[in-house]
*Asks:* 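Pasting a structure here, questions to come.
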Amino acid sequence: MRLPLRHPPPSAPSPRQRCEHLALLAEAARGLPLGPAARALSGARGRGRHGNALQWHLGLEPHDSVPEPDWEGRIEIKLISVWQLADGRLGCDRIKVCEVGVDPWHKLSNVLFVFADRLTRVVLGHRFFHLGAASLDALARSWTLDPHFGRPDLMVESREGPEGMSPAYYLSRRWLSQEGLLPTEPVRFGYRFDANWWRSVRAEFAGRDPLLTLARVDHGEQAPCPRCRGTLRADLSRVFEVGWAPATHAMPLGERCALRGHALIDPRRLPEPAACSDEEQFLAVEGALPEHRIWRLADRVREPEDHGH
DNA sequence: AACCTACCGTCTTACTTTGG
DNA sequence: CCAAAGTAAGACGGTAGGTT
C-alpha cells in the first residue's frame, strides 16, 4: 500500500560532499565480484548480502544500524542490481532509500551508486550523486503528487494490515535514468536476467542459486567444470549471442556442483577487473575461489594523503 | 504459447534499547 | 546482567500481466 511522504523536502540543497579516498575505492571496484565476500560474511542469506559485501570491501563494517550515511556520515552508499534488457539497455528495480522514520532527503543528499550485474554480482561501474538544486527541485515534486496516480519518483510503501512490516521510502526505477545515473544507450557489459529460470532453478535445488561457469571459446560444447572433474554442456551459440545459457553438468559431479543448477556465461561481458587479476575474477564468478583467497578491496587501495573534503 | 518486464511485498542480519 | 524486543540496514525473489 502506498502512503503519503512523511518528510517535506528541504527548501535548499545540502552541500556537496566529496572524498578522494572513496572515489579511488569506487574506481577500483570495477570488475569486482561480490559473491565470495557475501557468502563468507553472512552465509549467503538475506537480501542485503551483496550490499553488505560491498561495504566490507570498501573498508566499512558490513552492517550498521544507524540512520546516518554510510561513509563518514556524509555519503550514502547504495548497491544497485542491474541487468540487460532485450535491447541491450540496462534495467534496474526501484531502490529502497530508508525506513519511513528516517529523513530520505538527508540520505539522498550525497550518494555513491555502485552498479552490479544481477546474474554474476560483478561491479560494472559507479556514479557519485549530489542532490543539487535541479535534482532537488525535480524530486521535491513527489511531495505534492498523488501517491498512486501522480507516479512520484519518491514514495512510501508498506504492507496492508495492522501486522504489516514497517513502511519504507523508495525511489522509482525511472529516477536513476532520468538523473542520468544509468546509461540509456545499449551497453557492452552485463547479462540478461531470466527471473523465471532463476526461480525454477532455486525451487528445484532447495533455494540454492545456480552456479556460473565461464565459456572459453576453445572448449567447444563440452566445457570442463572449474570446480570438479565433470563437464558442462550448453547451447554455445546462445551463450555467445545472448550472453549466457542454462547448462547441464555431466558426471562426475563434485561436492560443490551437486544439487545445483548451472549456466555457462560469455566472459567478454565482464568488465576488466581494476584491482584483481583475471584469474581471481573468474574464480570468484565461478564460485571456485577458496575462502582463504578472498581479498578485500580496501586492502588494495592506497589511502590518499588528502581526502579532498 | 512463450517470453519479457514491471511490480511490489517481503526476508535476514545485526546493533540498540528496554524489561525482568 | 542477560534476554527479548525494537529498529534500521541491506535489495531480492516471485509472480502477475503485458507483448510478441
Side-chain angles (χ1 to χ4, degrees), chain A residues 1-3 6 34-35 37-58 60-71 73 75-104 106-108 111-121 123 147-148 151-161 163-177 191-210 238 242-243 245-246 261:
Chain A
M1 151 176 228
R2 207 168 269 197
L3 305 168
R6 190 177 291 181
L34 296 171
R39 281 187 292 277
L41 287 172
S42 58
R45 290 208 297 275
R47 293 180 171 182
R49 61 191 184 277
H50 296 106
N52 297 145
L54 175 65
Q55 303 222 33
W56 177 79
H57 270 298
L58 296 177
L60 301 171
E61 290 298 315
H63 307 274
D64 63 59
S65 65
V66 290
E68 288 304 304
D70 308 292
W71 188 264
I75 301 174
E76 177 71 12
I77 296 162
K78 293 250 173 265
L79 177 67
I80 312 294
S81 288
V82 295
W83 55 90
Q84 276 197 18
L85 300 171
D87 57 10
R89 288 178 306 128
L90 285 180
C92 70
D93 201 354
R94 66 176 187 181
I95 304 156
K96 178 177 165 185
V97 179
C98 54
E99 301 296 311
V100 76
V102 174
D103 181 356
H106 179 52
K107 277 269 189 196
L108 293 172
V111 186
L112 167 62
F113 289 105
V114 176
F115 302 101
D117 179 68
R118 188 166 179 181
L119 181 69
T120 59
R121 307 299 183 182
V123 173
H148 286 282
R151 290 173 37 104
D153 286 322
L154 184 65
M155 67 205 101
V156 172
E157 290 204 0
S158 79
R159 198 170 113 193
E160 289 202 52
E163 301 301 315
M165 310 218 8
S166 63
Y169 280 101
Y170 295 91
L171 279 171
S172 76
R173 64 200 310 146
R174 293 181 304 275
W175 182 80
L176 280 170
S177 326
Y191 297 80
R192 308 287 301 281
F193 187 78
D194 184 336
N196 287 322
W197 177 79
W198 191 262
R199 184 204 57 76
S200 69
V201 169
R202 284 173 49 84
E204 183 178 353
F205 297 104
R208 288 181 285 270
D209 289 349
R238 184 167 173 78
V242 185

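Chain identifiers are assigned alphabetically (A, B, ...) following the order of the sequence lines, protein sequences preceding nucleic acid strands; residue numbering begins at 1 within each chain.
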*Asks:* Rounded to whole angstroms, how far apart are CZ on A/Arg118 and P on B/dC4?
*Replies:* 15 Å

*Asks:* Please list, chain by chain and in numerical order, all residues satisfying side-chain hydrogen bond (donor to acceptor under 3.5 Å, both in side chains) with A/Asp117, sequence neighbours excluded.
*Replies:* A/Thr120

*Asks:* Whole Å only: how far is the CG atom of A/Leu60 from the C1' atom of C/dG10?
*Replies:* 13 Å

*Asks:* Only counting residues at least two apart or in another chain, list the ones meeting side-chain hydrogen bond (donor to acceptor under 3.5 Å, both in side chains) with A/Arg94.
*Replies:*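 Result, side-chain hydrogen bond (donor to acceptor under 3.5 Å, both in side chains) vs A/Arg94: A/Glu157.
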
*Asks:* Roughly, in whole Å, what's the span from CZ in A/Arg94 to C1' in B/dT5?
*Replies:*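 After rounding, the reported distance stands at 15 Å.
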
*Asks:* A/Tyr170 or A/Arg174: which one's nearest nucleotide on DNA chain B is closer to the 5' end?
*Replies:*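 This one resolves to A/Arg174.
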
*Asks:* For A/Arg6, what residues pass the side-chain hydrogen bond (donor to acceptor under 3.5 Å, both in side chains) criterion, not counting sequence neighbours?
*Replies:* none

*Asks:* Reading nucleotides 15-20 of chain C from the 5' end, what letters show protein touch, with B for base, S for backbone sugar-phosphate only, - for no heavy atom under 4.0 Å?
*Replies:* B-----

*Asks:* Would you say C/dA9 has OP1 or OP2 under 4.0 Å from some side-chain N or O of A/Lys107?
*Replies:* yes

*Asks:* Would you say A/Arg47 places a side-chain N or O within less than 4.0 Å of OP1 or OP2 belonging to C/dA9?
*Replies:* no

*Asks:* For C/dC12, take OP1 and OP2 only and decide whether either is under 4.0 Å from a side-chain N or O of A/Arg121.
*Replies:* yes

*Asks:* Considering only heavy atoms from C-beta outward, does the side chain of A/Leu154 approach that of A/Val97 to under 4.5 Å?
*Replies:*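 Yes, their side chains come closer than 4.5 Å.
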
*Asks:* A/Ile95 CD1 to B/dG9 P: how many Å, rounded?
*Replies:*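 For the pair A/Ile95 CD1 and B/dG9 P, the rounded distance is 18 Å.
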
*Asks:* In chain order, what residues pass the salt bridge (Lys or Arg N to Asp or Glu O under 4.0 Å) check against A/Arg202, with sequence neighbours excluded?
*Replies:* A/Asp209

*Asks:* Does a side-chain N or O from A/His50 land closer than 4.0 Å to OP1 or OP2 of C/dC12, or not?
*Replies:*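 Yes, A/His50 has a side-chain N/O under 4.0 Å of OP1/OP2 on C/dC12.
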
*Asks:* Would you please name every residue forming a salt bridge (Lys or Arg N to Asp or Glu O under 4.0 Å) with A/Asp93, sequence neighbours left out?
*Replies:* A/Arg173

*Asks:* Take nucleotides 13-18 of chain B nucleotide by nucleotide from the 5' end and write B, S or -, depending on whether a protein heavy atom sits under 4.0 Å from the base, only from the sugar-phosphate, or from neither.
*Replies:* SSSS--

*Asks:* Closest to the A/Lys78 side chain: C/dA11, C/dG13, B/dC8?
*Replies:*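 The listed nucleotide nearest to A/Lys78's side chain is C/dA11.
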
*Asks:* Show me the pairs that pass salt bridge (charged side-chain N to carboxylate O under 4.0 Å, His left out) and involve residues 78-89 of chain A, at least two apart or across chains.
*Replies:*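 Passing the test, one end in residues 78-89 of chain A: A/Glu76-A/Lys78, A/Asp87-A/Arg89.
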
*Asks:* Taking only residues two or more places apart in sequence, or in another chain, which ones meet A/Glu99 in a salt bridge (Lys or Arg N to Asp or Glu O under 4.0 Å)?
*Replies:*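 Partners of A/Glu99 under the salt bridge (Lys or Arg N to Asp or Glu O under 4.0 Å) test: A/Lys96.
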
*Asks:* Go through C/dA8, B/dC8, B/dC4 for me and flag the one nearest to the A/Arg192 side chain.
*Replies:* B/dC4

*Asks:* Taking the side chain as everything from C-beta on, heavy atoms only, tell me whether A/Leu119 gets closer than 4.5 Å to A/Asp194.
*Replies:*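 A/Leu119 vs A/Asp194: side chains apart.
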
*Asks:* Answer with base, sugar-phosphate or nothing: what part of the nucleic acid does A/Arg173 contact at a heavy-atom distance below 4.0 Å?
*Replies:*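 Base contact.
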
*Asks:* Mind calculating the distance between CD (A/Gln55) and P (C/dA11) to the nearest angstrom?
*Replies:* 7 Å

*Asks:* By nearest atom, which of the nucleotides C/dG14, B/dC8, C/dG10 is closest to the A/Lys96 side chain?
*Replies:* C/dG10

*Asks:* In whole Å, I'd like the distance from the CG atom of A/Leu108 to the C1' atom of C/dA9.
*Replies:* 15 Å

*Asks:* Students often get this wrong, so: under 4.0 angstrom with heavy atoms, is A/Leu79 touching a base, only sugar-phosphate, or nothing?
*Replies:* sugar-phosphate

*Asks:* Could you give the CZ-to-P distance, from A/Arg151 to B/dC8, as a whole number of Å?
*Replies:* 11 Å

*Asks:* Counting distance only, does the side-chain N/O of A/Arg174 pair as donor-acceptor with the main-chain N or O of A/Arg151 below 3.5 Å?
*Replies:*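 Yes: the side chain of A/Arg174 pairs with the backbone of A/Arg151.
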
*Asks:* Compare all side-chain heavy atoms of A/Leu60 with those of A/Asp70 and state whether any distance is below 4.5 angstrom.
*Replies:*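 Yes. Closest side-chain heavy atoms under 4.5 Å.
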
*Asks:* Return the value, rounded to whole Å, for the distance between atom CD of A/Glu99 and atom P of B/dG9.
*Replies:*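 Distance check: A/Glu99 CD to B/dG9 P gives 15 Å.
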
*Asks:* Just checking A/Glu68: base, sugar-phosphate only, or nothing, at a heavy-atom cut-off of under 4.0 Å?
*Replies:* nothing

*Asks:* At under 4.0 Å, does any side-chain N or O of A/Arg49 touch on OP1 or OP2 of B/dT12?
*Replies:* no

*Asks:* Got a sec? Which of residues 82-93 of chain A come in under 4.0 Å of DNA chain B, heavy atoms?
*Replies:*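 Hits under 4.0 Å, by residue number: A/Leu85, A/Ala86, A/Asp93.
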
*Asks:* With A/Arg192, which residues qualify under salt bridge (Lys or Arg N to Asp or Glu O under 4.0 Å), at least two apart?
*Replies:*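 With sequence neighbours excluded, A/Arg192 shows a salt bridge (Lys or Arg N to Asp or Glu O under 4.0 Å) to no residue whatsoever.
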
*Asks:* Could you work out, with side-chain contact (heavy atoms from CB on, under 4.5 Å) as the rule, every residue matching A/Arg208, not counting sequence neighbours?
*Replies:* A/Ala206, A/Leu259, A/Arg260

